Amino acid sequence: MDGDADFLMGEGTILGSTEVNGHQTVDPSVFVLDGAVHSTPPRKEQLPILSYHETPPSSPRPVSYSMPPASLEHSAPAEASSSSSSSDLSSDPMDVITPPQLYVQVVIPPPPKFSHLPYSSTKSGLVYDVRMRFHTEPVSSMDNEDDIHPEDPRRIFEIYEELCLAGLVQDAERMPNLDPDFQLFRIDARHANSSEICLIHSREHYEWVRSLQEKTEEELNYMSIKLDSVYLHHNTFECATLSVGGAIEACRAVVMGHVKNAIAVIRPPGHHAEHDEPAGFCFFNNVPIAARVCQDNFPEKCRKILILDWDVHHGNGVQHAFYDDPNILYISLHVHKNGQFYPGKPDGDHLHCGEGLGIGKNVNIPWADHGMGDGDYMFAFQQVVMPIAAEFDPDFVIVSAGFDAAEGDKLGGCHVTPPCYAHMTHMLMSLAKGKIAVCLEGGYNLRSIAKSALAVTRTLMGEPPDRLDPIEPSPLGVSTVQLVMRQQSKFWKCMYPKEMGKGSNGRVGGERLHDIIRAWQSKVMFDEFTMTSLFILREKISKSFENQVLATPNYFDARPLLVIFHDPPDVTHVPDPQTNKIELHNTWLTDVAKTYVDWAVKHDFAVIDVNIPKHITDPEDDGGYVEGDDSEARASATSELATYLWENYIEISDSTDVFLIGIGAAYSGLIDLLGRHESCTDDSSPIRCVISFVAENALQSVKRPADDYIGNWYHQHSLVFVANNHAAWDPSRTRKLRKKYGRLVRSPHTNLNEMLVEHKDEVTRLLMEETQDWRKLQAQQNNAKTSASNSVALRLEERDMREASVPNPLRSPGMPPVGMFTVSSSPRSPVKR
Ligand SMILES: [Zn+2]
């Protein structure tokens, strides 16, 4: 055979089929080609029955025939085959082939097994009921009429209108001429009843909301003052029960398969409502009630439910409703700000993971700040939400869909775009065989929620999500997601890196490597430069402090002194790809600060080396994971230590010229020292220059009340290397960089270590220039000493030589006298020579 053409229908070929077609059954093991009998060709070759460029127009059509069954059971004679051709077949407008006498061509398409694809041919559902707009803030409770409450009744109408304009809604009045086949299926909302609502709420709470119907407007206004962010209206109960009923019916329709998925455009929202109190514009918790109703109504189909909450606020009510429930997985992405953002409770953090049987079934992704965007949400979905959701393998997915993280929502202050909401929906649709119901929660910018809800609805209906602009997560987003992954790795097999195995007392045990490395550094510094630890009186006795300040023995002498405040050395590693473990043989230590110490010691400086640990190991350290101390805390530790060193060692030493180097967080600490101590900057101060390396810290000026001169002093006595991407270089900065920030140098690098390498020559040149006088003096003194001792030695030598009358090979005429060797070219001090 050579190619697809051999298998075109009607070219003298009988293709077998095992499918029953009317009365006929064709033996698939036999087919005839050019009169010869062949066994069935390999399946791979059978597949390309048609190819676009070779197929005659009529050939794809099913062809029927009539013939005596007997002729199928025998191979046709060779001559009969050649009498038939494809043109015979395609030219027959009736598609009825009259077979030659002894030979038959048969093409029998199998009947379809299914009439349709059940999921894709089912519609998406929509819940919307205009009556949910009747819960409004009473005008009498407003401070002024233009100050419209963000939970505005127009929210749901705006979304509905957007769906109508997109032609997606069966609404005869608005869109009379559209084909209902391509529109959403309308699901009627209804009032939820008390037994449904009391699956989540207390009877007292239900009765309280119901009682609002009978209250006067004044009573309602008075009552709402005492509540947590809710307004009351005598229609509140009507709307709240409709909202719950809408969520229930949307979910039930999906679970029963009446619709493939659904969106419920409902209000008031629900996810802040607690068991027995309203909160945050919410009265009844729509989504948890719907989840419980589904579990009740369909215990087989709806055992495990995922509730995914992408509202910008933490759904405290949902978390509390299912905190010990193993069958409801609650995942919430929200701005947390360490509990400073609504609902303002600490339990929205990443450490709250459920309790009892429900442990691990509560996943909070708590953004540390506003400003999160598509990159952060996609990163969280890819790294945390989808792996955990897939491992949980829910029967049904409900989205608590607030759109207040959307671009344009001032309350949320985040930047999630409609395509990102579509992608999140699309990913969730891969779970639970596509059974997903999206229920509206918050979202207060009318345009943003309309566009976002439209994107979600289109995706639910089967439209692929729009492409996202190139995105990447922010550093803050990455750190939050990684924190969550580490925490959730205790409960989910798919989560890496794994939290370290803890003993029964919660202690990992062992030493922190930063203590070990500093101890090793102090040993090396002692071996190489006889540097030893300086005594520091401190309140907290800690390993981190033991070797923190190391000094060469001559730090009190009359010579230049370099004091360098730096971070612990950098550790880089490549983790084991299988176990994710950090192995020592694939871990490297880079200590750029030490190269400065090396240089300084070799060039006759006394050196005090100060390590500012990223975390002060606490005496009650439990040995587990700890966050690094923040840069403010590290700056104040530097400032305290620098002050201590200044008062107890530097100021009272004989140092001729003092140079301070501050790297990273230590920079602010040194600026603080200069501001606090006049003796650092007065005429008799030995400080020649303060050299700083700044990457993440803001630029600072030396502040001292009622001292105008200090800015000038700092400018003359500073050199500040600033990272290339530092905000200080932003061209939009309207204020010019002023002298008070010191002598600024823009580094080509952004990383402190790279900056230290890059600018080492500049720094060492400055150190040499500034100590020139001392070196000259030193050289003169040494010359004097050596020439004196040389003349004594020479006289002794001449006497010896005279006595021995033997020439001295060392005194060759080309050699300079010993004292003429320059100091700087020699690694050792001439004194020691
Ligand atoms: Zn919200």
Side-chain angles (χ1 to χ4, degrees), residues 132 135 137 148-156 158-159 227-231 239-240 243-244 247 263-274 277-288 307-321 330-345 347-349 363-373 376-377 380 385 398-418 420-421 424-425 438-453 456 480:
M132 281 185 266
H135 161 69
E137 186 184 25
I148 295 167
H149 195 280
E151 212 286 273
D152 181 338
R154 289 175 299 173
R155 293 170 60 239
I156 51 171
E158 196 80 9
I159 294 175
L227 298 171
D228 172 17
S229 312
V230 285
Y231 59 76
C239 292
S243 187
V244 179
I263 180 163
V265 184
I266 52 177
R267 72 177 282 276
H271 72 154
H272 296 306
E274 294 282 2
E277 60 179 345
F281 320 155
C282 305
F283 295 88
F284 297 135
N285 212 330
N286 308 316
V287 167
I307 298 176
L308 187 283
D309 188 338
W310 68 42
D311 188 285
V312 82
H313 302 98
H314 179 232
N316 52 295
V318 190
Q319 171 166 313
H320 298 154
Y330 177 61
I331 306 181
S332 175
L333 303 103
H334 53 266
V335 172
H336 186 54
K337 285 175 82 174
N338 210 12
Q340 299 302 303
F341 188 59
Y342 193 87
K345 291 170 188 160
D347 63 3
D349 69 10
V363 180
N364 285 327
I365 303 173
W367 303 128
D369 208 342
H370 301 278
M372 312 315 283
D376 303 300
Y377 277 78
V385 176
I398 313 178
V399 183
S400 271
F403 293 111
D404 39 10
E407 177 76 63
D409 192 300
K410 286 191 183 139
L411 220 134
C414 289
H415 309 290
V416 179
T417 64
C420 182
Y421 282 114
M424 292 194 285
T425 309
V438 177
C439 300
L440 184 65
E441 296 279 1
Y444 306 102
N445 177 318
L446 297 180
R447 285 315 302 146
S448 301
I449 60 171
K451 285 188 287 178
S452 307
V456 168
T480 300

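Each ligand, and each atom within it, is numbered from 1 in the order the structure gives. Quick caveat, the model's predicted, so the values are computed rather than measured.
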Quiz item: Asp311: which N/O/S atom is nearest the Zn ion (ligand 1)?
Solution: OD1

Practice problem: Taking the Zn ion (ligand 1) as the reference point, name the nearest N/O/S atom of His313. | Solution: ND1

Quiz item: So, His334 and the Zn ion (ligand 1): N/O/S under 2.8 Å, yes or no?
Solution: no

Quiz item: Below 6.0 angstrom between ring centroids: does that apply to Phe281 and His272?
Solution: no

Practice problem: Could you tell me whether Asp152 and Arg154 make a salt bridge, using a distance below 4.0 angstrom between a side-chain N and a carboxylate O? | Solution: yes

Practice problem: Look at the aromatic rings of Tyr231 and His135 and report parallel, tilted or perpendicular, splitting at 30° and 60°. | Solution: parallel

Quiz item: Within the distance-only criterion (no hydrogens, no angle test), does the side chain of Thr425 pair as donor or acceptor with the backbone N or O of Tyr421 below 3.5 angstrom?
Solution: yes

Quiz item: Can you tell me if Asp404 has an N, O or S atom under 2.8 Å away from the Zn ion (ligand 1)?
Solution: yes

